[in-house]
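The structure under discussion appears below in the form of structure tokens.
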Amino acid sequence: MTFLFRFTFLLWLMVAGLGGLALQSCGSNTDTSGQAANGSPDTSTTALAGPQPLLDSTFVINAIRAEPRFKPQLLAARRFYRERKFRLGWFKDHQPVPQVQTLQNIIAKAQDEGLNPKDYQVKDFKKLFADLDKVRADSVRRNALERQIDVALTGTYLKWASDYYRGVANPRDSKSTSWQVKPNKIKLNKALMTFLGERKSRYNYYEFAPLHPEYDQLKKALATYRAQERAGGWPTLAAGLTLAPGQASPAVAALRKRLLDSAGGAASTPPTATASLGSPAPVAQTYDAELVQAVKLFQQDAGLKSDGIVRGETLRQLNVPISARIDQLILNMERWRWLPKRFEPNYLLVNIPEYTLHVVEDNKEAFNMRVIVGKVLHETPVFSDKMEYVVLAPYWNVPFSIIENELRDKLVADPNYLDRLDMEVVKGSGRKAVVIDPATVDWANVTQETFKYTLRRRPGPKNDLGDVKFIFPNANDIYLHDTPHDELFSQSARSFSHGCVRLSEPIKLATYLLRDKPGWDQQTILDSIATHREKYITLKQKLPVYLVYFTAWADAAGHPHFRDDIYGLDKTLAKEYFD
């Protein structure tokens, strides 16, 4: 037996199947003894002669178009085969490559990714490979089946990879999802070549590794919560419950089970000891220090005031069903697929439902701060751009809606009312802006179309933008800025703005962004602000800014944190994703 024949023989035994190929996880009817299920010898190891068949563009197009679930991947399929001069991708010397089995194994575990395996089991490969085994001696029929199977495997991979890497409900293909972050530009035909071992890549497409560690952390949380769901979930606490530290209540047993004995808790403890006769020991009804600490950790994970008192919002969060939390984890895993394959080393990220700005330097969080985001009627949009300017002692340009709804009547009666608001009317903008007399404006009849001026509030303590604003020019006219209303940052839910993002520590951020700008240390920044003269400072390098919407995330151990769906985007996405 020649070396080539022995190698082919062993390779065929390794991948033996799908009827020849080992697909036990999908119900293969071939056992491990080398014989078919009916006991007859398995002749699939016979070496085959003749060149590997080629495809052509027409065959690929027709085969992909014939299956509705493959059709969206037509362009990627055509590129894949064109780049390889229409050679088969999944066969070598008439034998299936090991990646055939790898793909089937991955699809069988799709639920681990929050995906449905049935969505990718489009073709019955067990039957196709069994049919191939029957016609091995007929080179014409064999080659025809190899061509058919090859394109079907390509379509299956591209369907799976599109959902796994780019998202099931890709927001750029959907009108129902508000997501304007720059897209993930993965080329699926290149990913397939990497998967088949024909191309090197910095991304582990060959083993279906997630593009972001945050996705993998959510995946760990999903596995833990599903295990808890199979074990019975967690108890529901009585409506209207109020429980303070040291208080005794029959509800303590359920609370202990909810937090200390379940996946959804802030900690875990060994099972309750049993009495010598096998009966359970009585559960203490006192809300003790251990359980108080668990409640405080739960409150932190939910973004609530960590006071250890069970009532109101804490009780509502405790009673969210585990099935709802599982869906929430899956939806946020989906959002990670929408993001670019990798972030820049340095960037700013505002997670809207978390009310937090994260400052990332060299791929690690340098610091974070609390923020205020848009109220429901004035949502902060989800998008990305690049910061270019820091503005000290900024003017605030008053939206015309405020002129129309709040100021018009007062200005008609007394145009000088603007002085009491520390406001002025100017013609032009920037250094060319010229202050005009507000009495020359026909406030009673002015409209947004006819108002050719700018009404602005001067820099100073009354200014709505505070002492600093940070500009990343965008069509949404959204920016980060200071606020004179620092008292609002003490609240857990902070959706109060008209869309822009207010910062709890703007001077800290300004100092950080200007750290490499000669002559702009913190004291210089404060001195410039004190002049009440607007000052634009251009950053040395534009800094990426991401405004994103994640209602769930997890730490490296898979411990999850949840936030409310303040804009209803989870609810909208769920209709598309799960239906």
Side-chain angles (χ1 to χ4, degrees), residues 1-23 26 28-30 34 36 40-67 69-71 73-104 120-159 189 192-193 195-199:
M1 185 182 290
T2 66
F3 172 79
L4 178 60
F5 182 82
R6 287 197 302 271
F7 175 79
T8 303
F9 178 82
L10 290 172
L11 177 62
W12 185 247
L13 282 177
M14 288 171 60
V15 297
L18 290 172
L21 193 69
L23 270 184
C26 297
S28 174
N29 64 355
T30 302
S40 60
D42 183 359
T43 60
S44 62
T45 56
T46 304
L48 300 177
Q52 194 77 59
L54 294 174
L55 294 162
D56 59 63
S57 181
T58 300
F59 185 93
V60 172
I61 292 171
N62 290 340
I64 294 292
R65 283 180 175 172
E67 174 48 59
R69 280 179 281 183
F70 292 166
K71 198 172 181 180
Q73 309 307 327
L74 176 59
L75 181 60
R78 292 178 63 186
R79 286 174 174 171
F80 170 70
Y81 283 113
R82 185 169 62 243
E83 289 179 15
R84 60 191 299 103
K85 295 180 172 54
F86 292 97
R87 291 180 294 107
L88 301 188
W90 301 86
F91 288 88
K92 288 186 178 179
D93 299 324
H94 300 288
Q95 312 296 347
V97 297
Q99 287 87 343
V100 175
Q101 184 64 56
T102 302
L103 178 61
Q104 299 303 315
Y120 315 102
Q121 293 163 350
V122 181
K123 296 292 185 179
D124 187 349
F125 288 110
K126 178 181 176 182
K127 180 179 185 304
L128 286 171
F129 275 94
D131 291 344
L132 180 63
D133 216 24
K134 295 174 184 176
V135 299
R136 291 166 60 79
D138 186 335
S139 61
V140 174
R141 295 173 64 191
R142 177 199 67 196
N143 288 350
L145 263 175
E146 285 181 10
R147 284 155 55 97
Q148 178 185 343
I149 292 171
D150 204 89
V151 177
L153 285 165
T154 294
T156 299
Y157 173 89
L158 294 174
K159 165 62 177 167
N189 56 304
L192 176 51
M193 292 177 68
F195 175 67
L196 292 173
E198 299 178 357
R199 173 181 174 269

ring-ring contact (aromatic ring centres under 6.0 Å, His included) with Tyr120: which residues, sequence neighbours excluded? Trp160
Geometric class of the Trp90/Tyr157 ring pair [parallel <30°, tilted 30-60°, perpendicular >60°]: tilted
If the condition is side chain to side chain contact (heavy atoms under 4.5 Å, CB included), which residues does Asp56 pass it with, not counting sequence neighbours? Thr58, Phe59, Arg147
Taking atom types as modelled and ignoring hydrogens, do the side chains of Thr154 and Tyr81 form a donor-acceptor contact shorter than 3.5 angstrom? yes
Shortest non-hydrogen contact from Gln52 to Asp93? OE1-N, 3.0 Å
Backbone N or O of Gly50 within a donor-acceptor pair of the His94 side chain at under 3.5 Å? yes
Where do Ala152 and Lys123 come nearest, in terms of heavy atoms and distance? CB-CG, 3.8 Å
dist Ile149:CD1 -> Leu132:CG (nearest 0.5 Å) comes out at 4.5 Å
If every non-hydrogen atom of Glu146 is compared with every non-hydrogen atom of Pro53, which pair is closest and at what distance? OE1-CD, 3.3 Å
What residues form a side chain to side chain contact (heavy atoms under 4.5 Å, CB included) with Asn189, not counting sequence neighbours? Arg79, Phe80, Glu83, Lys187
In terms of heavy-atom contacts, Lys85 and Leu54 come closest through O-CD2, 4.4 Å
Where Gln73 and Lys159 come nearest, the two heavy atoms and their spacing: CG-N, 4.0 Å
Holding to side chain to side chain contact (heavy atoms under 4.5 Å, CB included), I want the full list of residues that pass it with Gln148, two or more places apart in sequence or in another chain. Leu128, Leu145
Determine the minimum heavy-atom distance between Pro96 and Phe91, stating which atoms define it. N-CD2, 3.8 Å
Taking side-chain hydrogen bond (donor to acceptor under 3.5 Å, both in side chains) as the test, write out the residues that go with Asp131, two or more places apart. Lys127
Counting only heavy atoms from other residues, nucleotides and ligands, does the tally under 6.0 Å from CZ of Arg69 exceed 12? yes
If we only count heavy atoms from C-beta on, is the Arg84 to Glu198 side-chain gap below 4.5 Å? yes
Applying side chain to side chain contact (heavy atoms under 4.5 Å, CB included), run through Leu153 and Gln104 and close with a yes or a no. CA-CA 10 Å; Leu153 285 165; Gln104 299 303 315; 4.1 Å; yes
Please identify each residue that fulfils side chain to side chain contact (heavy atoms under 4.5 Å, CB included) with Leu74, with sequence neighbours left out. Ile61, Ile64, Arg65, Arg78
